[in-house]
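Below you'll find the structure, written out as structure tokens, and then a few comments.
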Amino acid sequence: MSAQAPATTSSWHTRAATDVAEAFEVDPQRGLSADEVERRRGEYGPNLLDEAKKVPTWRRVLSLLADRMTLVLVVAAVVSATVSREWETPVVIFAVIALNTVLNYVQESRAESSLAALKKMSVSTSRVLRDGRGTEVPRAELVPGDVVLLEAGDTVPADGRLVTAVRLQVAEAALTGESQPVDKQVDVVDDPDVPLGDRTDMLFMNTEVTRGRAAMIVTGTGMRTEMGAIATLLGSAGVEQTPLQRRIGQLAQALTIIAIVTVALVFVLGLLRGQTWSDLLVTAVSLAVATIPEGLTAVVAFTLAMGASRLAARGAIVKRLAAVETLGSTTHICTDKTGTLTLNEMTVQRLLVAGRAFRVTGTGYGTDGKILVGDGLPAPDFTDALLGMGLCNDATVRNGMLVGDPTEGALVVLAEKGGIDVEGARAALNRIAEVPFDSDYKYMATFHTLPNGGYRCFVKGAPGVLLDRATSIAGPDGPIPLGDDGRARIHRAVEALASEGLRTLMIAGRDLDAVPRGDTDALQEKVAHLTIHAIVGIVDPPRTEAEDAIAVAHEAGISVHMITGDHLVTASAIAEELGIRGSAASGADLDRLTDDELRRRAKEFGVLARVAPEHKIRFVEALQADGQIVAMTGDGVNDAPALEQSDIGVAMGITGTDVSKGAADMILTDDNFATIVAAVAEGRGIYDNIIKFVKFQLTTAWGFVLIFLTAGVLGLAGGAPFSALQILWVNIIMDGPPALALGVDPTAPDAMRRRPRPANEALLERSRVQRILGLGIVMTVGTIAVLHFGPELFPDSASDPLFATTFAFTTFVFYQVFNLFNVRSDLGSVFSAQTFTNHTIWIAIGAVVVLQICVVQLGALQGFMDTTSLTSEQWLLAVAVGSSVLWVDEIGKFVARRIEARRAERADTTFLT
């Protein structure tokens, strides 16, 4: 009989686990066979929820054309066509509309590509039993009848009936809205109509395991799950604008008002000079198109999306675009130690048994090392200690490959080095009950049957915790009672290991006559009167690149804090090796500080050890209360509150739990601290690129405003120095190639030598506004000078009525070319190697220059653009005048650099004093 995939209305919660297993034709101890999985996958399809239908291209284009600023341009084109009865200006306006629409469409497509990359790069897996062995498979490959193994931090991958459950709690807010985690158990729920929230023997897709461990039989996949039945919102939510995008939008609206006022003034001045309504209206429409920043928001969104793709290529997957801009303001990074600052390749290097210390050779997860006995005495009996390491453990190591927790993997390897066949021992000493590890009590305990009758409990955990529960220590001739002196010696031994930078774990155990199965509280009561079998010192080597990354962070004005559950001395030793600055404190030390005291002192701490989840979130809040922007890393379910509280939550892509990834804003694909620092650098570069384009566009728009107002007041060129098409041409140059080129500008070399940008920094701070106004004045003076004095300088050309305006038009275009170089750095000189790092900029400039030559020199385009040919001498003068904007800005940058250097010198002198 073939197993049938249930509908979501099936009452699997009313049937015993054995009945469910029989219905799905699966042995809960072995799982499905590979052949059966393939057959069912072909029958039921992938375990995926249906995504929202993709919006057709034509509908997306129509929605972009319905934008308010785009509609203004459409009206302008219609008015121009109606009044002037000419087709050139409306065609160019529609070309501008097309350009902006393409930019918006590309931006949206890039954002979708980034989301697709995120889904592809962060494919979640589940641990399942197949053919009697545990293995990890992509969740999309689960089928009805699969036996899935779950533990704290996992997201439930499908609907399923519990087979085993140990201290299991599940957060079901995603499904039921209930904020508190629900206790789960295997016992049947008899009522077939009980609400989902009360089906305590069932687990449902996309809910989160917050405590304990479990095994379940998959009863529904994909759209056959309860989550599928209630029409999940996956893919239907709109993309929220980032704070920067909202500020850009507000700036664009303000500039639009300024542009409209300017156009009105030009129109009035033209009427006073006696110009016709039709001519003025065409000019006004064109000037409005050029000065209204219709492309600003599109380019910003495009740059942010491009930045997200660049971050993904560096190993940092950004879930929210707002995180891209926040990265540049980060002032503090709170990071875990294990796997982030270190390699997370645990190896036991020290072993303390029966009061004696031993060294262990070998590294990583290979079992070719051994336990060295170097004191000349006979080796003690390691059996109980090594059995405890192998049995109180859920990791497996095969051929140097680890499946499971790295620390547990190190213990399995040590047991194998000591001669224990871990898999054989697990089969011989059957585990009948367990207390899974929990950060509340900091230990794990397992209970096993003994071949000769009776039971044995093995426990591993924090030395301080187990020492409080122990009454004896293993000796050469049996257990030795622990007195105060014995406890003090053990404490000193742990301190000594920790001072070498080793993580310490204690292995203990006891024999029992009976085991209270199914009662976790009663099991915990048995974790007492323990005999200490061993203490291990585990090394997790620092990442070679972490030290350099921390140095870069410090130079960038970013403080790094190591926050770990490890022993204080161990954490301090690693921090010193990595160059982390500041004092060290434990969670207990934080408890003795009031909130105000912690806020004042938080920046002083470089190391926080032996901390609980509440300490992490309290520390983040203390930094934020002082106005700091905090990035927080985490990988466990208990890190989720701190990740959500921080300004940028960073989850580990390899070791991180599903809960931590769900709470984070960014996921590291390599779990590497250096990637965080690289992401901060990228974030700063992305923000810089947005500011570059804002400065570029506003300088050009301001130049237009001043030129037309000045020409109107002085009566030059009839108050209209540029024709409508020339205005639109410059607008295309301004919004087209340069926008794309600036968006991909590489991060400046000094990006990580600057202090973090204040999160509330104005887009147009005083110095930027002054530069924009100043450069706009330079453009105006040069363009008006060419317009006025050009015919005098070149009397042979003065007879051509189009010469002066063509000369001024070309000069203004070259102003934009040289200003493109200016905006790439606030302080850096154009005359540096950085100028040549962006090939796209040079391509854009080359394209602009070639096209400008064409519209001026080619007869076929001269009539269209109202231009006339210029001589080589005139071209050179246009280039020279246009370059004045570069020389003026270079002088300003030189003065600014001197002022900045003097400030830094005064700051250093004050510090030394």
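Heavy-atom basis, side chains included; hydrogens, waters and symmetry copies ignored.
- Interatomic distance, OG1 of Thr780 versus CG of Leu787, reported as 12.0 Å (0.5 Å rounding).
- With contacts defined as side-chain heavy-atom distances shorter than 4.5 Å, the pair Phe696/Arg824 does not qualify.
- Between Phe818 and Phe814, the two ring planes are tilted [angle within 30° to 60°].
- Taking CG of Leu716 as the start and CD1 of Ile707 as the end, the distance is 11.5 Å to the nearest 0.5 Å.
- Applying the side-chain contact (heavy atoms from CB on, under 4.5 Å) test between Leu742 and each of Ile691, Val694, Ile690, Leu820 identifies Leu820 as the sole match.
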(message) Under the criterion side chain to side chain contact (heavy atoms under 4.5 Å, CB included), I'd like the reasoning laid out for Gln697 against Thr700: C-alpha separation, chi angles, the key distance, then a yes or no.
(response) CA-CA 5 Å; Gln697 187 175 60; Thr700 306; 5.8 Å; no
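- Residue-environment remark: CZ (Arg768) exceeds the threshold of 12 foreign heavy atoms within 6.0 Å.
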(message) Run the side chain to side chain contact (heavy atoms under 4.5 Å, CB included) test on Arg898 and Phe894 for me, step by step, so that the C-alpha distance in whole Å, both residues' side-chain angles and the decisive distance to 0.1 Å come before the verdict.
(response) CA-CA 6 Å; Arg898 293 293 297 270; Phe894 175 77; 3.7 Å; yes
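- The two residues Gly828 and Ser825 have their closest heavy-atom pair at N-OG, 2.6 Å.
- For the pair Phe809/Val730, a side-chain contact is recorded, criterion being any heavy-atom separation below 4.5 Å from C-beta on.
- If you take CG on Asn689 and NZ on Lys692, they are separated by 4.5 Å, rounding to the nearest 0.5 Å.
- Annotation: side chain of Val677 is in contact with side chain of Met752 (closest heavy-atom distance under 4.5 Å).
- A donor-acceptor contact shorter than 3.5 Å links the side chain of Thr806 to the backbone of Thr868.
- At a threshold of 4.0 Å, the pair Asp826-Arg771 counts as salt-bridged, since one of the basic side-chain nitrogens sits closer than that to a carboxylate oxygen.
- For the atom pair Phe812 CZ and Ile784 CD1, the distance stands at 10.5 Å (nearest 0.5 Å).
- Listed for the Asn838 side chain is a donor-acceptor partner under 3.5 Å among the backbone atoms of Ala741.
- Residues Ile317 and Met666 have side chains not in contact (no heavy-atom distance under 4.5 Å, counting atoms from C-beta outward).
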(request) Using the side chain to side chain contact (heavy atoms under 4.5 Å, CB included) rule, take Arg310 and Thr747 through it: C-alpha gap first, then chi angles, then the decisive distance, then the call. (result) CA-CA 11 Å; Arg310 282 163 57 176; Thr747 301; 3.7 Å; yes
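- Inter-residue side-chain proximity for Phe722 and Thr783 is flagged as met; some heavy-atom pair is nearer than 4.5 Å.
- Contact annotation: the side chain of Val823 never approaches that of Phe693 to less than 4.5 Å [non-hydrogen atoms, C-beta and beyond].
- Looking at every heavy atom in both residues, Arg754 comes nearest to Asp688 through NH2-OD2, 2.7 Å.
- A donor-acceptor distance shorter than 3.5 angstrom exists from the side chain of Thr871 to the backbone of Gln874, with no hydrogens or angles considered.
- Close placement of the Trp887 and Phe831 rings is indicated, their centers lying within 6.0 Å of each other.
- Put simply, the side chain of Trp702 gets close to the backbone of Leu773: a donor and an acceptor are under 3.5 Å apart.
- The distance from atom CH2 of Trp729 to atom CG of Asp866, rounded to the nearest 0.5 Å, is 14.5 Å.
- The line from CD1 of Ile777 to CD1 of Ile772 is 12.0 Å long, rounded to the nearest 0.5 Å.
- Of all non-hydrogen atoms in Thr330 and Ile333, the two that sit nearest each other are CG2-CG1, 4.1 Å.
- In this structure, the side chain of Asp647 does not engage the main chain of Ala631 through any donor-acceptor pair within 3.5 Å.
- Taking Thr633 as the reference, Thr335, Asp336, Val650, Met652, Ile676 meet the side-chain contact (heavy atoms from CB on, under 4.5 Å) condition, with sequence neighbours excluded.
- Contact check on Asp889 versus Lys893 returns a salt bridge, with a Lys/Arg side-chain nitrogen under 4.0 Å from an Asp/Glu carboxylate oxygen.
- Neither side chain, Gln852 nor Trp875, offers a donor N or O lying under 3.5 Å from an acceptor on the other.
- Without hydrogens or angle criteria, Thr331 side chain to Ile629 main chain gives a donor-acceptor distance under 3.5 Å.
- Between Ser329 and Tyr687 the shortest side-chain heavy-atom distance does not fall below 4.5 Å.
- With salt bridges taken as basic N to acidic carboxylate O contacts below 4.0 Å, none links Asp750 and Arg684.
- Between the side chains of Ser869 and Gln862, at least one donor N or O lies within less than 3.5 Å of an accepting N or O.
- For Pro721 against Gln726, the heavy-atom pair with the smallest separation is O-OE1, 4.3 Å.
- Listed here is the closest heavy atom pair of Ala553 and Val560: CB-CG2, 3.9 Å.
- With contacts defined as side-chain heavy-atom distances shorter than 4.5 Å, the pair Ile558/Pro756 qualifies.
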(request) Evaluate the criterion side chain to side chain contact (heavy atoms under 4.5 Å, CB included) for residue pair Glu545 and Asn672; output intermediate values, then yes/no. (result) CA-CA 9 Å; Glu545 64 272 27; Asn672 193 340; 2.4 Å; yes
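- The side-chain contact (heavy atoms from CB on, under 4.5 Å) test with Asn819 singles out one residue from Leu886, Thr699, Val778, and that residue is Thr699.
- Aromatic pair Phe821/Trp842: centroids less than 6.0 angstrom apart.
- Formation of a donor-acceptor pair under 3.5 Å by the Thr810 side chain with backbone atoms of Phe807 is not found in this model.
- A donor-acceptor pair under 3.5 Å is absent between the side-chain atoms of Gln834 and the main chain of Val830, judged by distance alone.
- For the pair Thr867 (side chain) and Val855 (backbone), a donor-acceptor distance under 3.5 Å is present.
- The two residues Tyr815 and Met779 have their closest heavy-atom pair at CE1-O, 3.5 Å.
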